[in-house]
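Naming: A, B, ... by sequence-line order, numbering from 1 per chain.
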2 protein chains.
Amino acid sequence: MSPHSAQPLTIFSGLTAAERKRLDGLASSRLLDAGNYLFHQHTPSQNVYVLESGILMMERSSSTGRRQVMAFMQPGNFIGIPHNQHYDYTVSALTASRVREMPLKAFVQLQDEIPTLKENVRGIGGNILAHTLDQVFALGQKKAHERVCFLLKQLSDRAAIPGASTIELVMTRQDIADYLGLTIETVSRAFGKLKREGVIAIYSAHKVEILDTEAVEEMALAD
Amino acid sequence: MSPHSAQPLTIFSGLTAAERKRLDGLASSRLLDAGNYLFHQHTPSQNVYVLESGILMMERSSSTGRRQVMAFMQPGNFIGIPHNQHYDYTVSALTASRVREMPLKAFVQLQDEIPTLKENVRGIGGNILAHTLDQVFALGQKKAHERVCFLLKQLSDRAAIPGASTIELVMTRQDIADYLGLTIETVSRAFGKLKREGVIAIYSAHKVEILDTEAVEEMALAD
DNA sequence: CGGGACCTTGAAACACCTCAAATATGGTGG
DNA sequence: CCACCATATTTGAGGTGTTTCAAGGTCCCG
């Protein structure tokens with residue numbers, strides 16, 4: 001697992017007030033209802049985004065209908081790091097969300113004028129890669145209940161109060177299943193198993209509490 | 001799957017002769033015997049590398065001994081893109097290999113002087129992320145024989161003659177298994193199944209030929 | 001030609017998936 | 001505000017693919 005700095009890296013990290021203002025000058029706000037799409041896979045990439053509020057989901061679908069969820073995104077996250085002509089994933093809103101939308105071209109230009117901005121993009125790219133490598137490890141090496149702990153730990157670490165033991169699962173069981181490479185039934189049974197073992201408490205399908213942090217961490221741990 | 005340009009991107013792409021010379025001036029050659037390590041997970045990252053000849057393998061291991069192979073690397077590949085204080089994977093040689101080793105600090109500095117170089121690093125980072133996302137999709141959504149096709153297609157696409165139908169598998173079955181999140185036995189049976197179906201021919205454990213390119217592509221395809 | 005590592009094959013166990021049904025949840029209109 | 005409905009989740013039973021354990025075969029190098 002990659003170390004998290006106390007202050008999570010955002011696109012604004014280390015910018016002066018003036019620089020922030022310039023960056024924000026590029027942006028316009030956009031609201032998304034739950035279930036709506038921010039952009040689609042294979043669409044020309046024309047904008048980048050900063051999530052202000054709400055939860056987004058990044059996914060990739062095959063022509064045969066199989067779906068893999070790549071990430072759940074939280075306020076502060078930067079979306080659409082330019083590396084292709086086209087987005088190679090779809091981003092949609094799990095809850096009503098607000099994003100700041102910036103034209104890709106202008107953003108790229110601004111990067112050349114603000115070195116810190118370029119530095120932040122590089123850092124965020126590194127974090128995304130680290131996250132994705134963790135996911136490869138989880139999908140390749142872990143059993144169902146360990147993968148569920150992997151998700152719980154991620155959500156707990158990134159919660160408003162990092163390490164919070166009560167976790168709001170805004171996504172559906174199907175989203176979780178597609179994130180972890182399992183079926184909804186297996187995810188449900190994995191939650192049940194963790195509950196029976198006293199590792200977690202389930203208050204409702206979308207609200208759980210971690211009772212045994214160590215057990216969760218141990219099962220979630222990637223390296 | 002991400003599109004490959006006709007000329008694969010390397011760290012040298014688009015550099016002038018003078019710039020190449022400067023970059024190469026930083027480097028010293030290093031030879032690795034088969035089985036030797038280039039660097040280890042959790043080691044401070046002090047160098048970056050360009051693979052000149054041979055095949056390297058990138059892997060990550062957990063404290064519990066489970067191992068996930070993240071990539072097989074070929075001549076031209078760039079290794080060690082800086083995004084952490086420490087390498088978060090181990091790189092070792094599958095065959096006798098030669099790399100050009102460059103001090104990270106000097107390399108980072110040179111990036112500031114040669115914009116094309118910075119651009120290349122960014123592009124390579126994007127390719128690595130795209131590769132890793134493909135792997136997530138494969139591990140999360142594909143069956144054993146489809147994962148094997150996923151690997152065969154990758155190796156075929158990146159062969160000296162791209163799209164070559166005869167493939168040299170320099171890695172062991174265990175390496176393949178750890179790359180695809182399977183066991184050696186399952187990998188072996190998957191090869192057997194593809195052979196029985198006439199999709200591939202197996203000349204030896206480490207030399208196969210793709211007989212039905214379409215079938216391999218279809219099974220390998222991620223999106 | 002021998003030996004050790006690697007690979008394949010077989011049989012049985014297990015984890016996960018599929019199909020099916022029961023139950024719980026959350027939003028909506030009355 | 002409650003009853004209702006559609007949707008999401010859980011639970012159960014049976015099937016399938018993958019793993020595990022074990023044995024036999026192959027390849028390669030000394």
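- Among the atoms of the strands shown, only primed sugar atoms or phosphate atoms (P, OP1, OP2) are found under 4.0 Å from some heavy atom of B:Leu182.
- Counting non-hydrogen atoms of other residues, nucleotides and ligands closer than 6.0 Å to CD of A:Gln174 gives a total above 12.
- Rounded to an integer number of Å, the gap from CE of B:Met171 to P of C:dA5 is 22 Å.
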Output one line per pair: protein atom, nucleotide atom from nucleotides 21-28 of chain D, and distance, for all N/O pairs under 3.5 Å.
residue	atom	partner	partner atom	Å
D:dC21	N4	B:Glu185	OE2	3.0

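- B:Gln41 places a side-chain N or O within donor-acceptor distance of the main-chain N or O of B:Ser61, the cut-off being under 3.5 Å.
- The interatomic distance linking A:Ile176 (CD1) with D:dT10 (C1') rounds to 14 Å, in whole Å.
- Side chain of B:Thr95 to main chain of B:Ile55: a donor-acceptor pair is present (N/O by atom type, distance under 3.5 Å, no hydrogens or angles).
- Taking atom NZ of A:Lys195 as the reference point, atom C1' of D:dT11 lies 12 Å away to the nearest angstrom.
- For B:His206, the side-chain atoms get nearest to C:dC6 when compared with the rest of C:dC6, D:dT10, D:dT18.
- Not one side-chain nitrogen or oxygen of A:His145 sits closer than 4.0 Å to the OP1 or OP2 atom of C:dC16.
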Tabulate below the donor-acceptor pairs under 3.5 Å that side-chain atoms of residues 68-82 of chain A make, not counting sequence neighbours, or state none.
residue	atom	partner	partner atom	Å
A:Gln68	NE2	A:Asp178	O	2.9
A:Gln68	NE2	A:Tyr179	O	3.0

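- If you measure from atom NZ of B:Lys193 to atom P of C:dT8, you get 17 Å, rounded to the nearest angstrom.
- Between the two ends of the helix from C:dC1-D:dG30 to C:dG30-D:dC1, each summarised by a five-pair axis, the helix axis turns through 40° (rounded to 10 degrees).
- With rounding to whole Å, A:Lys143 atom NZ is found 8 Å from D:dT19 atom P.
- The side chain of B:Thr186 contributes an N or O atom lying less than 4.0 Å from OP1 or OP2 of D:dT19.
- B:Arg30 places a side-chain N or O within donor-acceptor distance of the main-chain N or O of B:Leu38, the cut-off being under 3.5 Å.
- The nearest whole Å value for the distance from the CZ atom in A:Arg173 to the P atom in C:dT25 is 11 Å.
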Checklist entry - side chain to side chain donor-acceptor pair (under 3.5 Å) between A:Arg100 and A:Ser29: does it pass, once the steps are laid out? => result CA-CA 5 Å; A:Arg100 296 289 283 173; A:Ser29 272; 3.0 Å; yes

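- The aromatic rings of A:Phe39 and A:Tyr89 sit tilted relative to each other, their planes meeting at an angle between 30° and 60°.
- We find that CZ of B:Phe191 is positioned 8 Å from P of C:dT8, with the value rounded to whole Å.
- Between the side chain of A:Lys153 and the backbone N or O of A:Thr213, no donor-acceptor pair lies under 3.5 Å.
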